[in-house]
Amino acid sequence: MSESSEQSGFRPDAQPDNRPMPLADARARIIAAITPVVETERVALADTLHRVLAEDLQSDIDVPGADNSSMDGYGFAAADAPEHGARLRVVGESFAGHPFDGRLAPGECIRIMTGAVVPPGVDTIVMQENTRTDDSHVVIDTVPARGSNVRPAGEDLARGDAVMSAGTYLRPADIAVVASIGRPEVAVFRRPRVAFFSTGDELRPIDGPIEPGQIYDSNRYGLAALLDELGMDGINMGVVGDSPEALRAAFKKASTADAIVTSGGVSVGAADFVLDVLGEQGRVDFWRVAIKPGKPLAFGTVGDARFFGLPGNPVSTAVTFLQLVRPALVRMAGGTPAPATRFVLPTRTALDKRPGRENFLRARMEMDGTTPGVRAIDHQGSGVMRSMSAANCFIVLPAELGEVAAGTDVVVEPFAQAIWDHPAD
Ligand SMILES: Nc1nc2c(c(=O)[nH]1)N[C@H]1C(S)=C(S)[C@@H](COP(=O)(O)OP(=O)(O)OC[C@H]3O[C@@H](n4cnc5c(N)ncnc54)[C@H](O)[C@@H]3O)O[C@H]1N2
Ligand code: MOO
Ligand SMILES: [Mg+2]
C-alpha cells in the first residue's frame with residue numbers, strides 16, 4: 001500500500017483529501033505565509049555575522065586606495081629595462097605603509113614590497129627571485145612584461161561602486177568587504193524572535209539523573225544550535241508536559257514571538273495534543289507533509305507568531321527544521337532563501353524505499369580512490385540521531401520512487417549549503 005493513502009481523523013480545510021502535502025507545496029505555502037521583519041537597528045560591524053543588511057552600501061573610497069605591488073621585488077620604468085639582464089641603480093624603497101616619496105631618474109629603480117604604493121615613474125615590478133644585486137645596483141635576469149605585478153587602485157572596489165544591497169545575509173567574507181570600505185557600523189534588520197520548546201512527559205533536563213522510561217531532552221539543544229547558527233533571537237522555553245493545559249499556557253506565552261518552533265506531540269497518539277491546542281488557540285494551516293522522516297509536521301499561526309510543530313523523533317525534528325523551518329526563518333529575517341544545492345552521485349549501497357513520501361536518507365559522500373560516491377548510514381531510524389551526526393549529506397529520493405539498487409545515480413544534498421541567496425553570487 002502506498003503511504004499517501006493513510007487516513008487520520010483530522011481534516012484541516014487545507015487538505016480536504018487528507019493526504020500528507022507534497023514537500024515542495026508545503027515549503028511554498030510556508031514561505032508565502034512569512035512576513036519579513038521590517039524594524040532595523042545599527043550594529044557594530046564586528047557583531048553582524050548572520051545578520052541581514054538593511055541598507056544598500058556604496059563605497060566612498062577606492063579599494064585599494066593606490067596602485068600597489070603584488071610582489072616583493074624591484075620597481076622600475078619598463079623603458080629603462082628593454083632587455084633581460086638590464087642593470088638599474090637602486091635609489092630608494094617603498095614598504096607597505098611607508099611609500100617612496102622621491103622621483104626616479106632614467107636608469108634607476110626602487111626596492112618595493114608587496115602592498116607598497118607604486119610611485120609615479122614606476123610601471124613594472126620584477127619579483128626579487130628574478131634579480132641579482134650588484135653593489136647599489138640590481139640586475140634583472142628576467143624582465144617581466146610592462147605593467148607586471150602592479151595592482152591598480154580600485155581593483156577590488158572603486159569609489160561609487162555598489163558594494164552590497166539590503167537583504168544580504170552577512171557572511172564572514174561580506175564582513176571583511178564592509179570593513180574594507182571603512183564602515184564600523186551598519187544597519188541590519190532586527191533578529192526574528194523565535195520561541196521554542198520541547199513537549200513530552202518523558203523528557204528530563206540533561207544535568208540530572210534519568211529513570212527507566214525517561215530520556216534527556218536532546219531536541220531542544222539541537223534546535224537552539226540551529227537557531228543560533230541562523231542568527232535568530234532564540235527564546236528557550238524549556239520542556240512542556242503532555243497536557244492541553246500546559247500547552248495552552250505555553251502557546252499563550254509564546255504568542256508574542258515572531259515564530260514558535262516545538263518538537264513532539266503532533267502525531268495521532270493519545271498524548272499528542274499540540275495540533276488540538278494549535279486549532280484552539282490559533283489556526284492550523286496544514287498538517288502532515290509527505291516527507292520521511294517528519295510526516296506529522298503542523299504549520300499554523302498563534303497570535304503574532306508563525307507556528308512550526310515539528311515531530312518529536314529527533315531526526316524528524318532536525319530534517320523538518322532544515323527543509324521547512326530554515327528557509328522560512330531566512331525569509332523572516334529579511335533574506336532570500338536559496339534553493340538547495342544538489343548534485344548526483346552513484347549510491348554504493350542499495351536503498352530501502354516505499355512509494356509515498358520524499359525521503360531524506362542520512363548519508364556520507366566519500367571517495368573510493370578517485371571515484372566519488374555516496375553511502376547511506378546503516379541505521380536510518382528516525383530516533384537515531386547519530387545518523388545525522390555521522391552524515392555529511394542527505395540522499396534525497398522522490399516521493400514516488402521505490403527501492404533503489406546499488407550503483408544507481410541518486411540526488412545528494414550536502415549539509416554544508418549556501419542557505420540564503422547572496423546578491424553578489
Ligand atoms: N499510529 C501512528 N503513530 C505514529 C505515526 C502515525 O502516522 N501513526 N507517525 C509516526 C511518525 S512518522 C512520527 S515522526 C512520530 C511523531 O511523533 P510526535 O511528534 O507526536 O512526537 P512524540 O510522540 O512526542 O515523540 C516521538 C518520539 O520522539 C521522542 N522525543 C520527543 N521529544 C524529544 C526531545 N525533546 N528530545 C529527544 N527525544 C524526543 C519521544 O520520546 C518519542 O520517542 O509519531 C509516529 N507515530
Ligand atoms: O516520519 Mo517519522 O518522522 O518517521 O519518524
Ligand atoms: Mg506522539
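A quick note: this is a predicted structure, and the numbers were derived from the prediction, not measured. Counting starts at 1 for both ligands and their atoms, following the listed order.
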Check whether any heavy atom of Pro314 sits under 4.0 Å from an atom of ligand 1. yes
Any idea which atoms of ligand 2 are less than 4.0 Å away from a heavy-atom of Gly294? 1 (O), 2 (Mo), 3 (O)
Near Ser218 (heavy-atom distance under 4.0 Å), the atoms of ligand 1 are 36 (N), 37 (C)
Using a strict cut-off of 4.0 Å, indicate which atoms of ligand 2 neighbour a heavy atom of Asn313. 5 (O)
Structural part of Val268 in contact with ligand 1, heavy atom criterion under 4.0 angstrom: side chain
Under 4.0 Å, heavy atoms only, figure out whether ligand 1 is touched by the backbone of Ile215, its side chain, both or neither. side chain
Have a look at ligand 1 and work out which part of Val274, if any, has a heavy atom under 4.0 Å from it: side chain, backbone, both or neither. neither
Measure the spacing between CD of Glu93 and CD1 of Ile110 and express it to the nearest 0.5 Å. 9.0 Å
Ring-ring centroid check Phe307 Phe251, cutoff 6.0 Å: yes
Among side-chain atoms of Asn219 and Ser263, is any donor-acceptor pair under 3.5 angstrom? yes
Distance-only, no hydrogens or angles: does the Arg375 side chain make a donor-acceptor pair with backbone N or O of Arg364 under 3.5 Å? no
Should you measure from each heavy atom of Asp272, which atoms of ligand 1 turn up under 4.0 Å away? 20 (O), 23 (O)
Atoms of ligand 2, numbered as shown, that sit under 4.0 Å from any heavy atom of Ser316: 2 (Mo), 3 (O), 5 (O)
Please determine if Arg362 forms a cation-pi arrangement with Phe394, meaning its NZ or CZ atom is less than 6.0 Å from the six-membered ring centre and no more than 45° off the ring axis. no
Is Lys292 in polar range of ligand 2, meaning some N or O pair under 3.5 Å apart? no
Counting heavy atoms only, which part of Ser263 comes closer than 4.0 Å to ligand 1: side chain, backbone, both or neither? side chain
Out of Ser198, Gly312, Ser382, whose heavy atom is nearest to atom 30 (N) of ligand 1? Gly312
What's the verdict on side-chain contact (heavy atoms from CB on, under 4.5 Å) for Tyr74 and Ile140, showing C-alpha distance, side-chain angles and the deciding distance? CA-CA 9 Å; Tyr74 295 88; Ile140 307 175; 5.7 Å; no
Hey, which of Leu223, Leu310, Ile30 is the one that makes side chain to side chain contact (heavy atoms under 4.5 Å, CB included) with Val325? Leu310
Part of Lys292 with heavy atoms under 4.0 Å of ligand 1, whether side chain, backbone, both or neither: neither
For Arg357, the ligand 2 atoms with a heavy-atom partner under 4.0 Å come out as 1 (O)
Please state which option from Gly265, Gly200, Pro296 has its nearest heavy atom closest to atom 24 (O) of ligand 1. Gly265
Tell me the contacting part of Pro311 for ligand 1: side chain, backbone, both, or neither, using a 4.0 Å heavy-atom threshold, strictly below. both
What protein heavy atom is closest to atom 4 (O) of ligand 2, reported as residue, atom name and distance in Å? Ser382 OG, 3.6 Å
Going by the atom numbers of ligand 1, which of them fall below 4.0 Å from some non-hydrogen atom of Gly264? 19 (O), 21 (O), 24 (O)
Regarding Asp72 and Thr114, is there a side-chain donor-to-acceptor distance under 3.5 Å anywhere? yes
Is the shortest distance from a heavy atom of Pro311 to ligand 2 less than 4.0 Å? no
